[in-house]
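First the proteins, then the strands, lettered A, B, ... as listed; each starts at 1. Any value given below was found using the heavy atoms of this structure, including those in side chains, with hydrogens, waters and symmetry copies removed.
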Amino acid sequence: MRIATFNINGIKARLPRLIEWLEETRPTVACLQEIKSQDDGFPADEFEKIGYHAIWHGQKSFNGVAILADGVKPEETQRGLGVDGPKEGEGEQARYLEAHVNGVRIACLYLPNGNPHPGPKFDYKLAWMEKLRARMRELWQSEQPTIVTGDFNVIPHDDDVWSPKAMQDDALMQPESRDAYQRQLADGWTDAVRTLNPRGGVWTFWDYQRGAWQRDHGFRIDHCLLSPELADRLTAVGVDKDYRGREKASDHTPVWVELADG
DNA sequence: ATGTCGATTGCGAATCGA
């Protein structure tokens, strides 16, 4: 089976491109982030038409995550991590959704960006990562085949970015962000893209600004973390880079892992 | 030199978030 993650940056603006990608690459499971849609605006019918069943966790204007599966309805196991947003009285943002699909536990996340650093948004990012770590420990201990995937908004190493110097003040590569990410790996999770590309140089995001795509000024922030049960089944990873260059593209590309049958 | 997008408000163009 192939499990993909794709920060689509707006499901309404991206729908034709998203349908095109699903039909052309046909992932078994697709985890989406930044749907930027409320629950009742989610275009589930459009996915049903091409054979995908979905669950989603929406929010007005920003954030929002969804899990699509080919021919089977994802069985939701959790939504949210119980972290209030950075503004007073804001409540929780829609950033985490978890389900069972075909015997695999799927966690789809959109981790807070954290800019500007330092500040309340960065503090929120770190608090969110602490809650995520706690949930991932529970998942790990369940000993089920599990993937935690999505937009982590963390550049793990200097060779995961076109210019560490240009990005040095960004929340995506602060030592605190990186340390929190590395703690997840130390808990026993496998960064699938890193494992099969140990020298780095793989980008999953190119900014809309400053001609970043044309100059190949990108970095890697969309990750697939595998539990030991799934890491043993990993056969390939990929970035569907072609989609970044198309009309009305997201600023992220899809990233996927191929897993042998369990 | 925040140089581009998407959503929202509310019907043009500003604001916010990334």
Side-chain angles (χ1 to χ4, degrees), chain A residues 5-21 31-43 46 56-66 83-96 108-129 132 150-156 160-163 165-174 176-178 181 203-223 241-255:
Chain A
T5 180
F6 192 3
N7 180 322
I8 56 172
N9 189 17
I11 201 161
K12 296 181 196 74
R14 209 71 57 217
L15 193 58
R17 201 80 319 153
L18 181 57
I19 295 288
E20 177 184 79
W21 168 69
C31 294
L32 308 180
Q33 302 88 36
E34 280 206 270
I35 63 174
K36 295 184 174 178
S37 164
Q38 296 184 88
D39 280 340
D40 57 13
F42 187 85
E46 300 299 317
W56 57 95
H57 183 199
Q59 180 180 338
K60 192 175 181 179
S61 304
F62 311 115
N63 310 314
V65 288
V83 189
D84 284 341
K87 290 177 186 168
E88 188 70 30
E90 178 183 7
E92 182 161 19
Q93 299 182 351
R95 297 182 175 276
Y96 185 88
C108 171
L109 65 86
Y110 175 49
L111 209 144
N113 174 292
N115 280 305
H117 158 81
K121 289 187 175 180
F122 189 70
D123 296 340
Y124 167 57
K125 175 178 197 158
L126 297 182
W128 206 93
M129 293 186 84
L132 175 63
D151 178 358
F152 281 68
N153 269 316
V154 174
I155 298 169
D160 290 315
V161 55
W162 65 280
S163 168
K165 192 174 178 183
M167 294 288 291
Q168 64 184 351
D169 296 327
D170 198 284
L172 276 55
M173 52 180 285
Q174 292 311 302
E176 297 96 323
S177 310
R178 286 181 162 180
Y181 184 77
W203 316 149
T204 68
F205 172 92
W206 291 258
D207 202 291
Y208 287 127
Q209 300 190 65
R210 295 172 290 272
W213 168 247
Q214 289 75 11
R215 298 176 181 184
D216 199 28
H217 290 180
F219 42 83
R220 186 174 73 99
I221 52 175
D222 300 277
H223 304 309
K241 187 174 172 181
D242 168 57
Y243 290 84
R244 181 62 184 81
R246 298 192 187 186
E247 287 293 314
K248 294 278 285 178
S250 171
D251 42 5
H252 295 250
T253 49
V255 180

Within a 6.0 Å radius of atom CD on Glu88(A), are there more than 12 heavy atoms belonging to other residues, nucleotides or ligands?
no
Judged by modelled atom types alone, do Gln93(A) and Tyr124(A) share a side-chain donor-acceptor pair under 3.5 Å?
yes
Looking just at side-chain N and O atoms, do Lys125(A) and Asn113(A) make a donor-acceptor pair shorter than 3.5 Å?
no
Distance, [atom1] atom - from [M] to [N], rounded to whole angstrom:
{"N": "dA7(B)", "M": "dG12(B)", "atom1": "C1'", "result": "15 Å"}
{"N": "dG3(B)", "M": "dA14(B)", "atom1": "P", "result": "14 Å"}
{"N": "dG10(B)", "M": "dC16(B)", "atom1": "P", "result": "14 Å"}
{"N": "dG6(B)", "M": "dA1(B)", "atom1": "C1'", "result": "23 Å"}

Distance, rounded to the nearest Å, where [X] contributes [atom1] and [N] contributes [atom2]:
{"X": "Leu15(A)", "N": "dG6(B)", "atom1": "CG", "atom2": "P", "result": "13 Å"}
{"X": "Trp206(A)", "N": "dC5(B)", "atom1": "CH2", "atom2": "P", "result": "16 Å"}
{"X": "Ile11(A)", "N": "dA7(B)", "atom1": "CD1", "atom2": "P", "result": "10 Å"}
{"X": "Leu32(A)", "N": "dG6(B)", "atom1": "CG", "atom2": "C1'", "result": "16 Å"}

Between dT9(B), dA7(B), dG6(B), which nucleotide has the shortest distance from any of its atoms to the side chain of Arg14(A)?
dG6(B)
Determine, stepwise, if the pair Leu172(A) / Phe205(A) fulfils side chain to side chain contact (heavy atoms under 4.5 Å, CB included).
CA-CA 12 Å; Leu172(A) 276 55; Phe205(A) 172 92; over 6 Å; no
I want to check a possible cation-pi pair here: Arg246(A) against Tyr243(A), using under 6.0 Å from ring centre and within 45° of the ring axis as the test.
yes
With heavy atoms under 4.0 Å as the rule, sort Arg215(A) into base, sugar-phosphate or nothing.
base
Give the ring-plane orientation class for Tyr181(A) versus Phe152(A), where under 30° counts as parallel, over 60° as perpendicular and anything between as tilted.
perpendicular
Using only side-chain N and O atoms of Arg210(A), determine if any of them is under 4.0 Å from OP1 or OP2 of dT2(B).
no
One character per nucleotide, please: for nucleotides 10-18 of chain B, 5' to 3', B when the base has a protein heavy atom closer than 4.0 Å, S when only the sugar-phosphate does, - otherwise.
-------SB
Output the distance between atom CG (Asn7(A)) and atom CG (Asp251(A)), rounded to the nearest 0.5 Å.
6.5 Å
When the nearest nucleotide of DNA chain B is assigned to Lys12(A) and to Gly211(A) on a heavy-atom basis, which residue is associated with the more 5' position?
Gly211(A)
